[in-house]
Amino acid sequence: MNVWVQNMLKKITFLTAGESHGRGLVGIIDGIPSGLQLSEHDINTDLARRQMGYGRGGRMKIEVDKSEIWSGVRHGKTLGSPISLLIHNNDWENWSQKMSVEPTNEEIKKITLPRPGHADLAGVQKYGYDDIRNVLERSSARETTMRVGLASICRKLLLETGVEVGSRVVQIHNIVDESPIPENLSPSKLNELSDESPVRCINKEVEEKMMFAIDEAKKEGDSVGGVVEVIATGLPFGLGAHTQWDKKLHSRISAAMMSINAFKGIEIGAGFSGASKPGSEVHDEIGWDNEKYIRYSNNAGGIEGGMSNAQPITLRLAMKPIPTLIKPLRSVDIATKELKDAHKERTDVCAVPAAAIIAESMLCLVLVDALMEKFGGDSMDQLKEHMAATAKY
Ligand code: EPS
């Protein structure tokens with residue numbers, strides 16, 4: 001790679017391809033060490049989690065996302081070579097003409113009414129298209145399916161090194177779950193609880209209100225956003241570095257998170273609430289328990305000076321409401337310049353629960369990258385030996 005190209009990932013590389021209503025999704029991840037046990041089932045478990053959630057539209061009834069491993073794994077273990085995945089779109093059979101690779105004689109209606117908040121208008125202006133479909137197919141959150149697929153490989157690696165990543169939904173529209181994550185609940189246990197909830201909220205009273213808010217939005221032809229919380233535990237000191245802007249762990253995590261469709265904000269630890277407090281109330285005091293350093297709080301969210309500090313990493317991510325509205329906003333026809341309502345089609349009212357899984361996935365990718373950067377190793381055994389020899393907790 002050109003050394004002048006700054007990449008927020010240092011040791012692993014991944015790429016996804018695929019249009020929302022094309023044949024399917026393709027993904028490659030490179031840099032995963034050899035000897036990691038991996039099956040299609042591992043990947044499909046996370047894909048199924050991403051498909052859940054109250055407020056999804058008709059599409060998720062059509063798709064049953066299953067990944068095929070095309071390379072990089074032999075007899076159930078990674079080879080250290082690029083791992084490639086393929087996920088078919090079931091919906092493709094309904095779109096084979098509209099999304100045909102070859103020119104088609106069928107008349108395909110162009111989409112000319114850009115949706116405010118979507119990639120539509122900026123995309124057609126940028127590429128010079130007269131059909132918004134050429135933009136919306138790739139800007140669709142369908143693409144995140146493959147990110148979750150590839151990241152599930154990272155999640156497996158993390159679990160083998162004692163790192164767990166979990167999430168929950170803490171806000172949908174204006175309904176907020178103020179309760180903290182119960183003490184001593186591991187991220188995996190948190191996921192078990194959240195996955196049982198249609199909105200991934202672990203507070204039953206709030207869950208009901210969140211579902212009601214989604215129902216109300218649906219009745220109004222509207223959409224709602226929300227906030228997800230992501231947590232990672234079991235990390236050693238020193239992932240990331242304070243020495244350069246792109247080496248800082250929180251800049252790498254933030255870049256990954258802000259790449260998720262409709263994500264508009266990130267808080268690390270106390271986040272924005274810290275801005276209005278004095279330093280004495282924000283910074284986490286240091287203690288010693290005769291074996292290791294302890295902290296009396298975790299307002300830093302597990303990262304100080306751009307490095308992990310062996311505390312849980314805690315993040316909150318804000319997702320805006322989905323821009324496709326059944327009761328559309330005002331727009332302009334890009335063909336005629338007439339004032340008209342924006343394009344509407346089948347859509348989700350709320351995708352916040354699914355977005356929590358995508359946020360977990362992006363964190364898994366960044367954490368594996370940072371782990372490989374610090375400890376290295378061509379095989380899982382080497383990585384674990386390096387960690388056993390030098391990791392401090
Ligand atoms: C999306 C629109 C909907 C969503 C889709 C994202 O799809 P469709 O246009 O086929 O109804 O369901 O999300 C997914 C397909 C997915 O897998 O998450 C959009 O426009 O972003």
Side-chain angles (χ1 to χ4, degrees), residues 8-10 151 154-155 158 163-171 176-181 183 185-187 190-191 194 200 225-260 262-286 293-320 352 355-371 373-374 393:
M8 301 311 270
L9 291 176
K10 317 290 179 197
C154 295
R155 187 192 296 274
L158 291 173
V163 179
E164 292 185 17
V165 175
S167 72
R168 64 172 180 158
V169 170
V170 291
Q171 184 173 339
V176 183
D177 180 5
E178 310 267 7
S179 62
I181 296 176
E183 232 174 281
L185 191 73
S186 69
L190 172 66
N191 277 346
S194 320
R200 307 201 79 251
V227 177
V228 304
E229 193 168 273
V230 183
I231 177 164
T233 60
L235 294 151
F237 275 98
L239 301 187
H242 63 294
T243 55
Q244 199 63 263
W245 69 272
D246 66 317
K247 291 187 176 171
K248 295 179 190 235
L249 188 59
H250 58 295
S251 34
R252 293 151 72 168
I253 291 172
S254 302
M257 292 300 170
M258 286 304 103
S259 75
I260 300 174
F263 274 35
K264 285 295 182 186
I266 180 166
E267 286 191 310
I268 299 172
F272 277 63
S273 72
S276 57
K277 291 181 184 157
S280 55
E281 285 178 30
V282 172
H283 301 299
D284 308 307
E285 289 182 298
I286 302 170
Y293 295 105
I294 53 166
R295 308 305 283 259
Y296 299 106
S297 52
N298 186 21
N299 289 325
I303 303 173
E304 286 172 308
M307 293 170 281
S308 59
N309 66 2
Q311 294 297 297
I313 290 187
T314 58
L315 312 169
R316 283 179 172 226
L317 298 317
M319 181 185 192
K320 71 178 179 181
V352 176
I357 311 300
I358 302 161
E360 278 179 33
S361 299
M362 293 313 289
L363 187 58
C364 288
L365 285 155
V366 175
L367 291 181
V368 164
D369 186 59
L371 210 63
E373 177 188 43
K374 171 139 181 68
Y393 292 91

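Position 1 is the first residue of the sequence, and the numbers go up from there. Note that this is a predicted model, so its numbers are computed, not measured.
Residue Lys320 qualifies as enclosed at atom NZ: its count of foreign heavy atoms under 6.0 Å is above 12.
Residues forming a side-chain contact (heavy atoms from CB on, under 4.5 Å) with Ser254 (at least two apart in sequence, or on another chain): Ile266, Ile268. Scanning for side-chain hydrogen bond (donor to acceptor under 3.5 Å, both in side chains) contacts around Ser167 gives Arg200, Glu360, with sequence neighbours left out. For Glu304, the salt bridge (Lys or Arg N to Asp or Glu O under 4.0 Å) partners two or more places apart in sequence, or in a different chain, are Arg295. Residues meeting the side-chain contact (heavy atoms from CB on, under 4.5 Å) test with Ala310, sequence neighbours left out: Phe237. Partners of Arg252 according to the side-chain hydrogen bond (donor to acceptor under 3.5 Å, both in side chains) rule, which considers only residues two or more places apart in sequence or in another chain, are Asp369, Glu373. Residues forming a side-chain contact (heavy atoms from CB on, under 4.5 Å) with Glu183 (at least two apart in sequence, or on another chain): none. For Tyr293, the ring pair (Phe, Tyr, Trp, His ring centres under 6.0 Å) test picks out Trp288, with sequence neighbours left out. In terms of the side-chain contact (heavy atoms from CB on, under 4.5 Å) criterion, residue partners of Ala255 (sequence neighbours excluded) are, by chain and number, Met8. When the salt bridge (Lys or Arg N to Asp or Glu O under 4.0 Å) test is applied to Asp177, the partners found at least two apart in sequence or on another chain are Arg168. Residues passing the side-chain hydrogen bond (donor to acceptor under 3.5 Å, both in side chains) test with Ser251, sequence neighbours excluded: none. Residues satisfying the side-chain hydrogen bond (donor to acceptor under 3.5 Å, both in side chains) criterion with Gln311, sequence neighbours excluded, are absent altogether.
The OH atom of Tyr393 sits 8.0 Å away from the CG atom of Leu235 when rounded to the nearest 0.5 Å. Going from atom CD of Gln171 over to atom CE of Met319 covers 13.0 Å, rounded to the nearest 0.5 Å. Note: Leu249 CG to Ile303 CD1 = 4.5 Å, rounded to the nearest 0.5 Å. The CG atom of Leu190 lies 5.0 Å from the CD1 atom of Ile181; values are rounded to the nearest 0.5 Å. Taken to the nearest 0.5 Å, the OG1 atom of Thr243 stands 8.5 Å off from the CE atom of Met307. Met362 contributes atom CE, which lies 10.5 Å from atom CE of Met258 (distance to the nearest 0.5 angstrom).
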What pairs of donor and acceptor atoms, side-chain ones from residues 269-281 against any protein atom, are under 3.5 angstrom apart with sequence neighbours left out?
{"unit_1": "Ser273", "atom_1": "OG", "unit_2": "Ala270", "atom_2": "O", "d": "2.7"}
{"unit_1": "Ser276", "atom_1": "OG", "unit_2": "Ser273", "atom_2": "O", "d": "3.3"}

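The shortest non-hydrogen separation linking Val228 to Ala356 is CG1-CB, 3.7 Å. Closest approach of Val366 and Ala256 over heavy atoms only: CG2-CB, 3.5 Å. Counting all heavy atoms, side chain and backbone alike, Gly225 lies closest to Val352 at C-CG2, 3.4 Å.
Of the possible donor and acceptor atoms, one in the side chain of Asp284 sits under 3.5 Å from a partner among the backbone N and O of Asn299. A donor-acceptor pair is defined here as one N or O able to donate and one able to accept, closer than 3.5 Å; no such pair exists between the side chain of Ser361 and the backbone of Ala151. Put simply, the side chain of Ser308 gets close to the backbone of Gly238: a donor and an acceptor are under 3.5 Å apart. Using modelled atom types, one side-chain atom of Asn191 and one backbone atom of Val165 make a donor-acceptor pair closer than 3.5 Å.
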Exercise. After noting the C-alpha distance and the side-chain angles of Leu158 and Cys364, does the key distance pass the side-chain contact (heavy atoms from CB on, under 4.5 Å) rule?
Worked result: CA-CA 7 Å; Leu158 291 173; Cys364 288; 4.0 Å; yes

Problem set entry | Check against side-chain contact (heavy atoms from CB on, under 4.5 Å), Leu317 and Ile260 | CA-CA 10 Å; Leu317 298 317; Ile260 300 174; over 6 Å; no

